[in-house]
Amino acid sequence: MQTREFFVSAPGKVILHGEHSVVHGKVALAVSLNLRTYLRLQSTSSGEVCINLPNIDTFLSWEITALQPLLAGCKEQDDLKELDADLLKRLREFTGISDDSTDTRSMAVLAFLYMYLTVFAESLASITVSVWSELPTGAGLGSSAAYNVCLSAALLSARGTISSPLTPQQESARWSKEEMELINRWAFMGEKIIHGNPSGVDNAVGTWGGFLRYHAGNITPLSWVPILRILLTNTKVPRSTKVLVSGVKDKINKFPSIMNPVLESVSAVSCTCEQSLTEMAAHGPSAEHYDILEELIDINQHHLNVMGVGHSSLDTLCRVTLARGLHSKLTGAGGGGCGITLLRPETDTSVIQSTVEELKASGFDCWETSIGAPGVQQHSSAALSQDILKILNSY
């Protein structure tokens, strides 16, 4: 152990454009959401490993001597391509988490123990890890990826596998490109535990931040992109991503001559948006840039309705915001879930406030935030608010 205590945070994510078309080989744009997950890691002399998850009222601890036998016969994790199925099976038996369990608590505990044991395999250390998030779980906002990115960065730094980049003069710092690639690969292991077959987009956004282009399995961070203000709305309407994805596939198979051009158009929306964002970063944002972004939002939302992944709750979001000159679309799988609303720099505070009030009156949760935020960072305690510190320090 190289440090006694440090703090890490990682952002959530939204899909700006390209929902559903991406699984058919088209271009999607994902972007970091400035609602963050925070982690505190503290080394102790207790002989125990503890995980504290205040969002779900969970505190668990294990004796290191009880965990040590689980490592017997474990494979080296140098390539970080495949999970160690034997270790995962032993962990499920040890914790009593069944193979078909998918609840948030069980998956968070399983991912933590797997990463802890594989990172610290040579010498298990006594640590207490507390994780708290501004992100709602199960809303398609990358909450599990932000959790896994924080775990990966904190555990690798504590083990000394990567550096602890924060200097005494800094409040926040980031790792090198090579170190962040390692953080991302370990976080992807955690995502595999939780989701089975993830795309890798969510953990990449949590690691790198900003905007990422996803096409045919390749993830490319975009450099020099602007931070955009948005309203994020959670309709709180539950939906099954699996069912929605299957429904889009069925519609494509039934009407290929109609749906394939829709997919091509959505891909073109992503590419046009990428071009506009690049111009905004290079030359500064203009009213014309925001006009284009708003039109693209409207076009994509109509396309998503054509695909069959709209919902009356999302129609309400679009209606309420458009009445005030604001433009919205769903983000993620659709069928409810979350939506984003672009806020121009000149949007008046009273307009935002009245919009939020009406959306909340419709039964939705709503946050004013931004997209394009930094990826995973290490922080000093001075960089965090007293409220966050109080939560992370209480267990």
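Side chains included, hydrogens not; waters and symmetry mates left out as well; all remaining heavy atoms used.
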Worksheet, complete the sentence: In short, A153 meets I183 closest at the heavy-atom pair CB-CD1, 3.8 Å
Discussion item. Tell me whether I227 shares a hydrophobic cluster with L141, the cluster being built from Ile, Leu, Val, Met, Phe, Trp, Tyr side chains joined at under 4.5 Å.
Written reply: no
Fill in: W367 side, atom CH2; L231 side, atom CG - distance, nearest 0.5 Å
11.5 Å
Item to complete: Return yes if some donor-acceptor pair links the side-chain N/O of H289 with the main-chain N/O of S286 below 3.5 Å, else return no.
Response: yes
Fill in: Any donor-acceptor N/O pair, R229 side chain to L343 backbone, under 3.5 Å
no
Discussion item. With a 4.5 Å cut-off on side-chain heavy atoms, are L16 and L277 touching?
Written reply: yes
Worksheet item: Would you say the side-chain atoms of T355 pair up with the backbone N or O of V351, donor to acceptor, closer than 3.5 Å?
Response: yes
Worksheet item: Tell me, do L110 and L88 make a side-chain contact under 4.5 Å, heavy atoms counted?
Response: yes
Fill in: Polar contact flag, side-chain donor to acceptor under 3.5 angstrom, H303-S265
yes
Worksheet item: So, for C338 and L314, which heavy atoms are closest and what is the spacing to 0.1 Å?
Response: O-CD2, 4.0 Å
Item to complete: Given side-chain contact (heavy atoms from CB on, under 4.5 Å), test M259 with K254 step by step and report yes or no.
Response: CA-CA 9 Å; M259 297 306 300; K254 187 175 182 180; over 6 Å; no
Fill in: Minimum-distance pair of heavy atoms, taken over all atoms of I230 and L342
CG2-CA, 4.5 Å
Worksheet item: Does the side chain of S21 pick up a donor-acceptor pair with the side chain of H24 at under 3.5 Å?
Response: no
Discussion item. Using the rule given for side-chain contact (heavy atoms from CB on, under 4.5 Å), can you reason through T278 versus L222, listing the C-alpha separation, both sets of side-chain angles and the distance that settles it, and then say yes or no?
Written reply: CA-CA 8 Å; T278 302; L222 308 182; 5.5 Å; no
Discussion item. Does this structure show an ion pair linking R92 with D100, if we count only N-O contacts that are shorter than 4.0 Å?
Written reply: no
Fill in: Backbone of A125 reached by a side-chain donor or acceptor of Y116 within 3.5 Å
yes
Worksheet item: Do H327 and Q301 have side chains that get closer than 4.5 Å, going by heavy atoms?
Response: no
Worksheet item: So, for G332 and E19, which heavy atoms are closest and what is the spacing to 0.1 Å?
Response: O-CG, 3.0 Å
Item to complete: Could you pull out the closest heavy-atom pair between G18 and N300, with the gap in Å?
Response: N-ND2, 3.7 Å
Worksheet item: Which heavy atom in G372 sits nearest to a heavy atom in V31, and how many Å separate them?
Response: N-CG2, 3.3 Å
Worksheet item: So, S328 and T321: side-chain donor and acceptor under 3.5 Å apart, yes or no?
Response: yes
Worksheet item: Do the side chains of E274 and H17 get nearer than 4.5 Å, heavy atoms only?
Response: no
Fill in: Check: I162 main-chain N/O paired with S157 side-chain donor or acceptor under 3.5 Å
no
Worksheet item: Do T347 and I352 come within less than 4.5 Å of each other through their side chains, counting heavy atoms only?
Response: yes
Worksheet item: If we only count heavy atoms from C-beta on, is the T207 to R185 side-chain gap below 4.5 Å?
Response: no
Discussion item. If only side-chain N and O atoms count, and only distance matters, is there a donor-acceptor pair under 3.5 Å linking N34 with S32?
Written reply: no
Worksheet item: Shared ILVMFWY cluster between M115 and I193, side chains joined below 4.5 angstrom?
Response: yes
Discussion item. For a 4.5 angstrom cut-off between non-hydrogen side-chain atoms, does R36 reach P11?
Written reply: yes
Worksheet item: Does E179 reach the main-chain N or O of S163 with its side chain, forming a donor-acceptor pair under 3.5 Å?
Response: yes
Item to complete: For the pair K13 (side chain) and G140 (backbone), establish whether a donor and an acceptor sit closer than 3.5 Å, ignoring hydrogens and angles.
Response: yes
Worksheet item: When L113 is tested against each of L60, I97, L67 for side-chain contact (heavy atoms from CB on, under 4.5 Å), which residue passes?
Response: L67
Item to complete: Just do the side chain to side chain donor-acceptor pair (under 3.5 Å) check on E191 and S144 with the steps written out, would you?
Response: CA-CA 7 Å; E191 284 291 271; S144 70; 2.8 Å; yes
Fill in: Contact check, side chains of L135 and L33, non-hydrogen atoms, under 4.5 Å
yes
Worksheet item: Under 3.5 Å, side chain of S130 to main-chain N/O of L392, donor-acceptor pair present?
Response: yes
Discussion item. When you measure from the side chain of R40 to the backbone of S381, do you find a donor-acceptor pair of N or O atoms at a distance under 3.5 Å?
Written reply: no
Fill in: W175 vs K177, side-chain contact (heavy atoms from CB on, under 4.5 Å): CA-CA, chis, key distance, verdict
CA-CA 7 Å; W175 288 266; K177 180 177 182 289; over 6 Å; no
Worksheet item: Where the side chain of S106 meets the backbone of T102, is there a donor-acceptor pair that is under 3.5 Å apart?
Response: no
Discussion item. Hydrophobic clusters here meaning ILVMFWY residues chained together by side-chain heavy-atom distances under 4.5 Å, can you tell me if V149 and V119 are in one?
Written reply: yes
